[in-house]
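Below, chain A is the first sequence line, B the second, and so on; all start at residue 1. Small disclaimer: the values here were computed from a predicted structure and weren't measured.
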Amino acid sequence: MTVILSREELQAKIKNLQTNLIPHLVEKMGEAAKIVEGQAKKNCTLGKSPYEDMVFPTKFEMYQLEGKIRGIRMTQRPSVFVAYEGAYSGAPYSIDENRRREMHMRDTIYSIVDSDQAGVHGLVGTPVDYSVWVHEGTSKMWARPFITDAIFEKEKAIRKLLSEAVLEDLEEQAA
Amino acid sequence: MNATILAGILLALNNDSTLMSLMGKTVGDNPCYRAQRLSAIIPPVITLRADPEDSELYCGTDYAVSTPLTGAVLARNSTTAQLDIWVSSAQETVPNTGFDTDAIADRVDILLLYNTPARVANTHGWRKVSSSQQYEDDTGLWHNALRYSFWYLIKQGYGLT
């Protein structure tokens, strides 16, 4: 059905669109952030991490010299060995037995949604202090950007979710 | 990443006299190179590493690479490259501070993000994904990690366009 609006009515409609879009965006951004959080955790999971083949033999030799190798076990890929603190495998994962009860970095990855005047922001991160070194790399260890890669991996899904938020708002306004 | 593209990025960086000057080098020293797993870092250098890349087929195309050579565009590859700038604070001459490292990063931005004239041939759509700076207490190294994403097209017959 065609509706003819006056200029003031059209302005009010557009303003309503912008105002009512925010709760939809917050809801969908929350879902998108959860998806990225899940992928980031997957990137840190032994057997599923895309960084498993990034072997750091210099670190392995360093730990071997310091007598810190506690055990070696095979992973799903026989060519990759997991030793002290996952030093040999590229996956950012620790198998130190003493730390089994402590929370691993992967378990601390979280997501939140923040809404302010600048817009709606989805944030995924971890409070662990060494995570920045894992993510950005050091002179002895290649970067394993488990969060950035998760965002890229799920970019299409994120765009689809945010588009749905806009569509829902438009349908509400049209009704 | 396509080998020609990777070489093109390194060439664009190594041939820029302003960047070389900021790094305390001259054109021909080639301090920008592909990251090597076992070799030690002797700063100031810029190492390049390719991150995961994906490819989208163009409409009506069945394969990302095919022959014979007819010039049709087959696919668009989207890749992410990480450039790491390493500067030692123990060095007596510049660059040796985080400020110097930032200046090098700014110049890399100009070379890659503007890409006009086309410094890295056959690429387009450059955008910066992230940047960060860390200081390693044990090695005394300033480390700027820059990530860029861009596209390049695959032409029938394995060529780039």
Discussion item. Is B:Asp54 in contact with chain A via its backbone, its side chain, both, or neither, using a 4.5 Å heavy-atom distance?
Written reply: neither
Worksheet item: Is it the side chain or the backbone of A:Thr148 that comes within 4.5 Å of chain B heavy atoms, both, or neither?
Response: side chain
Item to complete: Report the distance from atom CD of A:Glu31 to atom CG of A:Leu162, rounding to the nearest 0.5 Å.
Response: 10.0 Å
Worksheet entry | Closest approach of A:Val134 to A:Phe146 (non-hydrogen atoms, all atoms of both residues) | CG1-CE2, 4.0 Å
Worksheet item: Side chain, backbone, both or neither: which part of B:Thr47 has a non-hydrogen atom closer than 4.5 Å to chain A?
Response: neither
Worksheet item: So how far is it from B:Tyr148 OH to B:Leu83 CG, rounded to the nearest 0.5 Å?
Response: 6.5 Å
Worksheet entry | Contacting moiety of B:Ser78, where chain A heavy atoms sit under 4.5 Å | neither
Discussion item. So that I can tick it off, tell me whether A:Glu136 and B:Arg147 are bridged by a salt bridge, with the cut-off set at under 4.0 angstrom between side-chain N and carboxylate O.
Written reply: yes
Discussion item. If we define contacts as heavy-atom pairs under 4.5 Å, which of A:Pro145, A:Gly137, A:Ser139 has the most with chain B?
Written reply: A:Ser139
Worksheet item: Using 4.0 Å as the upper bound for N to carboxylate O, is an ion pair formed by B:Arg107 and B:Asp109?
Response: no
